[in-house]
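All residue numbers in this chain count up from 1 along the given sequence.
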Amino acid sequence: MAKWGQGDPRWIVEEREDGTNVNNWHWCGRAAAGPGRRLPASSLRSRGAGRTERDATSWSKGKLHELLVGIIVENEAGRCEISELKQVEGEASCSSRKGKLIFFYEWNIKLSWKGIIKESGVKHKGLVEIPSLSEENEIDDTEVSVSKKKGDGDILKDLMKTAGTARVKEALGDYLKALKTEFTMGMILPTKAMATQELTVKRKLSVNPLQIQASSPVALGVRIPTVAVHMTELFDTAAEQLYSIFTVKDLVQKFSKSPAVLEVEKGGKFQMFDGNITGEYIELLTNKKIVMKWRCRNWPEEHYATVALNFVPIPGQTELQLDCKGVPVCKEENMKFCWQKQHFEEIKGLLQLTTLNG
């Protein structure tokens with residue numbers, strides 16, 4: 001028996017001012033399923049502690065689109081490209097239990113591919129199907145089937161079956177790595193010994209960029225082709241509330257389901273989606289307009305787009321007008337998907353939840 005005041009630190013639930021159960025030491029969602037059974041992510045969310053279980057479904061769909069669409073394979077006979085994420089059905093989630101992360105994912109994916117035979121110039125189309133991507137199987141054991149529409153062109157089908165399948169499995173492996181690294185940042189809640197981590201991030205963001213340029217060499221960039229993106233979306237809320245969702249840290253973290261650092265002032269830095277989105281505020285017109293320097297982590301180094309959000313009140317609603325300039329051409333579709341799925345739809349979900357709780 002342990003002496004008074006002593007004990008195995010693994011079994012000590014640290015006291016926190018916010019009352020959070022650090023790293024979910026009393027979480028019992030998995031046990032509720034019983035031996036050999038797997039509860040769906042929705043069931044786990046209802047049984048586990050809300051702060052230690054995160055739905056990865058929306059994020060995963062965006063990541064799979066980013067990694068799979070645009071894959072190109074080529075040989076001396078032909079060239080093939082995955083042109084569309086035609087279907088992605090399933091779900092994914094990550095749970096924290098006793099300081100460890102547990103992953104659940106199950107996907108049924110269907111991709112469109114197109115190809116051209118170099119000698120004849122004849123084009124063909126087909127499908128790539130992944131009926132079951134889940135944590136129960138290794139990537140190498142995951143079934144990937146390739147089919148082609150009627151007609152000749154088996155040489156392209158063979159190219160997709162070999163090199164194409166290998167590239168698809170490589171992309172699926174990259175998705176799982178990102179799920180276990182990018183997505184899960186912040187899932188293991190900080191203890192008192194880690195309390196300075198967020199402060200360190202803030203200090204890094206506040207460093208004068210001129211000082212950085214003066215003390216370290218700057219790589220010369222190259223001009224890249226860019227495109228402008230314009231989107232509009234209606235929200236069933238007042239402009240004041242919608243503006244606050246983009247500028248109040250707690251609300252940003254709720255709709256993004258990830259840690260965020262915001263310095264909401266002209267020239268202030270921001271970091272969202274576990275550091276995947278970073279930038280700087282250029283203009284802030286309360287409840288009316290936000291202009292930002294904005295970049296995604298996988299963009300060319302030091303390249304920023306200019307993102308302007310205009311909040312236009314209409315009776316009973318607010319129209320959000322999004323204008324992005326300087327988006328790399330190769331990232332246009334990803335940019336649209338990111339704002340539609342990971343911003344607009346998640347914000348609408350947050351507004352619905354707020355209305356129900358209110």
Side-chain angles (χ1 to χ4, degrees), residues 14 16-25 27 41 44-45 48-63 66 92-103 175-207 243-265 268-281 290 292-299 304 307 309 338-339 341-347 349-351 353-354:
E14 183 177 326
R16 290 170 60 104
E17 292 182 1
D18 59 7
T20 301
N21 175 5
V22 177
N23 297 330
N24 208 19
W25 272 88
W27 183 86
L44 289 169
R45 282 193 292 274
R51 296 184 65 130
T52 52
E53 203 278 340
R54 188 185 297 172
D55 183 2
T57 302
S58 179
W59 177 90
S60 293
K61 289 180 178 180
K63 181 59 68 172
E66 174 187 328
S93 67
C94 177
S95 301
S96 169
R97 184 186 182 193
K98 298 182 180 179
K100 294 183 179 180
L101 296 175
I102 303 170
F103 298 91
Y175 157 67
L176 295 184
K177 289 177 185 177
L179 176 65
K180 296 175 181 180
T181 54
E182 292 178 21
F183 180 79
T184 57
M185 288 180 64
M187 286 290 291
I188 302 298
L189 295 178
T191 60
K192 291 177 181 177
M194 300 167 62
T196 60
Q197 183 175 358
E198 183 176 335
L199 180 60
T200 302
V201 173
K202 287 183 177 180
R203 286 174 177 170
K204 288 181 179 179
L205 286 173
S206 63
V207 172
Y243 182 90
S244 68
I245 288 176
F246 283 94
T247 55
V248 176
K249 177 182 174 180
D250 288 345
L251 296 177
V252 170
Q253 293 185 149
K254 283 182 179 179
F255 86 74
S256 68
K257 301 181 176 69
S258 60
V261 176
L262 307 180
E263 298 172 356
V264 187
E265 59 184 7
K269 308 295 191 298
F270 63 83
Q271 178 176 295
M272 299 168 55
F273 292 98
D274 298 327
N276 284 300
I277 303 300
T278 55
E280 177 182 327
Y281 295 105
I290 300 173
M292 304 168 280
K293 285 176 57 179
W294 193 100
R295 66 172 272 106
C296 186
R297 179 182 286 170
N298 62 3
W299 284 12
Y304 287 82
V307 173
L309 299 174
C338 170
W339 279 93
K341 297 294 183 181
Q342 298 176 317
H343 286 76
F344 298 163
E345 292 186 11
E346 294 295 337
I347 288 172
L350 175 61
L351 289 171
L353 183 62
T354 303

Run the numbers on Met272 and His343 for side chain to side chain contact (heavy atoms under 4.5 Å, CB included), then give the verdict. CA-CA 11 Å; Met272 299 168 55; His343 286 76; 4.2 Å; yes

So, does Gln253 use its side chain to make a donor-acceptor pair with the main chain of Ala260 at under 3.5 Å? yes

Any side-chain to backbone donor/acceptor pair from Glu263 onto Lys269? Under 3.5 Å, distance only. yes

ring-ring contact (aromatic ring centres under 6.0 Å, His included), paired with Trp294, selected from Phe270, Trp299, Phe246: Trp299

Locate the shortest heavy-atom distance separating Phe103 from Leu179; write the atom from each residue and the value. CE2-O, 3.7 Å

Atom OH in Tyr281, atom OG1 in Thr247: separation rounded to 0.5 Å? 7.0 Å

Tell me whether Thr57 contacts the main-chain N or O of Ala92 through its side chain, where contact means a donor paired with an acceptor under 3.5 Å. yes

Under the side-chain contact (heavy atoms from CB on, under 4.5 Å) test, which residues partner Ser256, sequence neighbours left out? Val252, Ser258, Phe273

What residues, two or more places apart in sequence or in another chain, satisfy side chain to side chain donor-acceptor pair (under 3.5 Å) together with Lys257? Glu346

Return the set of residues passing side chain to side chain donor-acceptor pair (under 3.5 Å) with Asp250 (not counting sequence neighbours), or none when no residue passes. none

Walk me through it: do Leu309 and Tyr243 pass the test side chain to side chain contact (heavy atoms under 4.5 Å, CB included)? CA-CA 9 Å; Leu309 299 174; Tyr243 182 90; over 6 Å; no

For a 4.5 angstrom cut-off between non-hydrogen side-chain atoms, does Ser95 reach Leu101? no

Taking side chain as C-beta onward, heavy atoms only, is Glu66 less than 4.5 Å from Asn298? yes

Any chance you could measure Lys177, atom NZ, to Lys63, atom NZ, to the nearest 0.5 Å? 12.5 Å

To the nearest 0.5 Å, tell me how far Tyr304 OH sits from Cys296 SG. 11.5 Å

Distance-minimising heavy-atom pair for Ser58 and Lys341: OG-O, 3.6 Å

Can you tell if the side chain of Trp59 reaches within under 4.5 Å of the side chain of Asp274, non-hydrogen atoms only? no

Atom pair CD1 (Ile277) and CD (Gln342), whose distance is rounded to the nearest 0.5 Å: 8.0 Å

